[in-house]
Amino acid sequence: MNIPPLPVGSWFETLINWLTDHLEVFFDGIGTMVTAILDATEFILMFPHPLVLILIFTTLAWFAAKHGVAIFTLLGMLLIYNMGYWPATMETLSLVLASVLIALLLGVPLGIWSAKKPVVEKVMRPILDFMQTLPAFVYLIPAVLFFKLGPVPGVIATLIFSLPPAVRLTSLGIRQVPEEIREAAISFGSNPRQLLFKAELPVALPTIMAGVNQTIMLALSMVVISGMIGAGGLGNEVLKGITQLKIDVGFEAGISIVILAIFLDRVTQRLGRKSNNN
Amino acid sequence: MNIIEVRGLYKVFGKEPARVFPLLEQGLDKTSVLKKTGCAVGINNASFEISKGEIFVLMGLSGSGKSTVIRCLNRLINPTRGEILIDGQDIAKMDKSALLEVRRSKLSMVFQHFGLLPNRSVVRNVEYGLEVAGTNAEQRRERAINALELVGLKGYEQSLPNELSGGMQQRVGLARALASDPEVLLMDEAFSALDPLIRTQMQDELLELQARMHKTIVFITHDLDEALKLGDRIAIMKDGEIVQTGTPEEILTAPADDYVKRFVENVDRSKVITAGSVMRKARTIQLPKDGPRVAIRAMEKQGISSIFAIDSERRLQGLMRIDDAIKLERRGKSDLSSVLETDLYVASPETPIGELLVSAMNARYPITIQDDEGRLMGLLDRAIIIAEMYDEDEEASVTPLDEVLAEADDAAPETKEELI
């Protein structure tokens, strides 16, 4: 028997086309919102003098993480400044922050919801698996179709890619709260909101912070990829290095990404561990 | 006055609890109900009353439903059927806001694994109940600090729970339960996770606290010794049913069925049976009314060589020996008080007999049992103590010699046959 190949690809194409045709207003709305958030983060990061920001980041690392991390931050960021990649780095950071902000605003409530309702958990799990395992490049296509080129589709693609750990680890953290703590909170007269905000979320915070850390790291890796659709920042520089075979540009941009990644990772990781102790 | 009354309480876990009740009424047990309906019976028609100021112990093995019962009392678990009256209000029928109010003001709970919030300091853990009830910050801090002082944790206010030992963490749990000054404390295997020495110490401290605070305590345990030590009354649960309710001595001396009997078999009776319950009546003469002649006559009549002398209020004055009485009579004196033997051991009726054994062994005269006002209630000698410490069942471990010989004869031929 000869089964003709199923036109999965063209079905998907039809769906995307239908969505672009009929939901243009909706996507425009999202686009405007993302642009607003992006403008805000960009303004915060681009407005101060680089040296002031470097000092702020170093101080943050000094108090949030170990002193070694602070020294690394100071030297690393001075290097980025010195190599002339500061504006690109800040552009990348603002993309990361905007995506992470939106990812957490969506992901944490979704995580809480799925921890509370087993049905939601069941529906959410395959969707999250799909989001996380589909090759990152594939997101770029619908993102471009819905939101044209530029930083907005970059943020959207990054958002989709980095959302799963925020949902998963929030849900896990809340489900891991020992039953006796929950019972204690209820038996002392907590209403559902007090149970969530005074007992469950604080106890789950270390796990949620691990999710935040994961989300940030995934966002950073995706932001670089979204340089391919003109999102700008360090991704652009890396792309320039590849397409024009400029080894020096590619390497310098790469180093900048690594420095930024280590800074973000160490600081958020330490914050997670500290929240465990307070 | 009963502060808690539970009537006809059922808890059925599963999808169709309604199908279960007719089967239970037919007298089916838990396992066959589970097979027929797929529903697990957690509590099967439990009824009991708890009076104010009492320590009521619910005891049973794991799976007997005791934890389910205590969770129904504050509706951590919703009962399927039945009434739970606390101060006359039916908890089972309360709406959400009334239930919150009761949980915040009347009932509080202590958990087996403490249930403390790891991210909060000790004092903020203790404040929790007051905080959710909306008490202002200053007042709740003050009450939390008082509660911590009660349980002996002054100075640990700012520590985190995981910096404390298990015993101390449970004190925090206890302080948290006391902070809102509730009428009823629900203690779910509160000391089971602690090591034996700390456990005994916590039991003693709980009794001491209780003597001062007079709370009503519902205490859950699987440990009979703990139940006997703490409980004013004990309810024994099996398969979701309460099989017997009574004072520790009632449970020990009159077990309701074989299950309870097997439970209490291994109890250290010397710690539980009290002097008051096994003492013998003391023969007495009354001073100053009775003289030596009456004393001698009384002793001759009973065939004893000494007699206790009491005053008109039944207060013990001493012990009169027959030879002293005879000497007095010969000298013609009538005042007995000069020759009374006062080197006697005195105990209260609540003393466990095990504590009296050593004194009884050393004493020349029986131990006298007096109430709080010093009135003579009875006496106890080593023969009674030893007899009470060992159950009559233990006689079975002694076999008459001829039976042993007969058994040996029966066994011998078999071995021979095997050899051939």
Side-chain angles (χ1 to χ4, degrees), chain A residues 63-65 104 108 111-112 115-119 122 169-213 267-278, chain B residues 67 70-77 96-121 124-135 158-163 169 172-173 176-180 182 184-190 193:
Chain A
F63 288 111
L104 294 182
V108 172
I112 293 170
K116 297 269 172 184
K117 299 266 190 273
V119 185
K122 259 183 203 159
L169 285 160
T170 302
S171 168
L172 178 72
I174 288 186
R175 278 181 289 124
Q176 268 179 346
V177 173
E179 189 53 30
E180 268 201 351
I181 288 185
R182 199 167 284 132
E183 282 189 331
I186 297 171
S187 75
F188 282 97
S190 310
N191 58 32
R193 227 187 43 186
Q194 288 168 327
L195 172 66
L196 180 66
F197 286 104
K198 288 186 186 286
E200 289 177 325
L201 280 179
V203 175
L205 193 62
T207 313
I208 297 175
M209 284 307 291
V212 172
N213 173 269
V267 169
T268 53
Q269 224 174 53
R270 293 293 295 185
L271 279 177
R273 247 175 264 157
K274 280 197 176 168
S275 65
N276 196 10
N277 298 329
N278 285 322
Chain B
S67 292
I70 205 171
R71 279 169 175 69
C72 283
L73 295 183
N74 62 0
R75 288 255 309 263
L76 280 176
I77 292 178
K96 278 181 188 167
S97 61
L99 186 60
L100 276 189
E101 193 45 45
V102 168
R103 283 174 178 162
R104 285 171 182 173
S105 61
K106 278 190 184 162
L107 300 167
S108 61
M109 195 157 174
V110 181
F111 294 85
Q112 182 173 3
H113 301 290
F114 326 133
L116 301 175
L117 293 163
N119 53 308
R120 286 180 171 229
S121 63
R124 292 199 58 229
N125 261 292
V126 175
E127 280 178 356
Y128 187 87
L130 299 165
E131 186 183 321
V132 294
T135 313
Q158 299 307 328
S159 308
L160 287 170
N162 62 12
E163 294 165 3
Q169 289 191 40
V172 179
R176 177 175 63 177
L178 291 171
S180 57
V184 181
L185 285 183
L186 306 172
M187 304 184 73
D188 180 22
E189 302 245 13

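The sequence lines fix the lettering, A, B, ..., with proteins before strands; numbering per chain opens at 1.
- Neither the backbone nor the side chain of B/E101 comes within contact range of chain A; no heavy atoms are under 4.5 Å apart.
- Across A/P178, A/G189, A/A185, the residue that shares the most heavy-atom pairs under 4.5 angstrom with chain B is A/G189.
- The side-chain heavy atoms of A/V203 and B/P118, taken from C-beta on, include a pair separated by under 4.5 Å.
- Expressed to the nearest 0.5 Å, how far NZ of A/K198 lies from CG of B/N119 amounts to 11.5 Å.
- Expressed to the nearest 0.5 Å, how far CD of A/E183 lies from CD of B/Q112 amounts to 11.0 Å.
- Here the CZ-CD1 distance, from B/R103 to A/I186, works out to 6.5 Å after rounding to the nearest 0.5 Å.
- Atom CG of B/L100 is separated from atom CZ of A/F188 by 14.0 Å, given to the nearest 0.5 angstrom.
- Using a 4.5 Å cut-off between heavy atoms, B/L130 does not touch chain A at all.
- Here the CZ atom belonging to B/R104 is positioned 7.5 Å from the OG atom belonging to A/S190, to the nearest 0.5 angstrom.
- Closest heavy-atom contact between B/M109 and A/S187: CB-OG, 3.8 Å.
- Proximity to chain A involves both the backbone and the side chain of B/F111, based on heavy atoms less than 4.5 angstrom apart.
- In this structure, B/G115 and A/A184 approach most closely via the heavy-atom pair O-CB, 3.6 Å.
- A/E179 has its side chain out of reach of B/H113: every pair of non-hydrogen atoms, C-beta onward, lies at least 4.5 Å apart.
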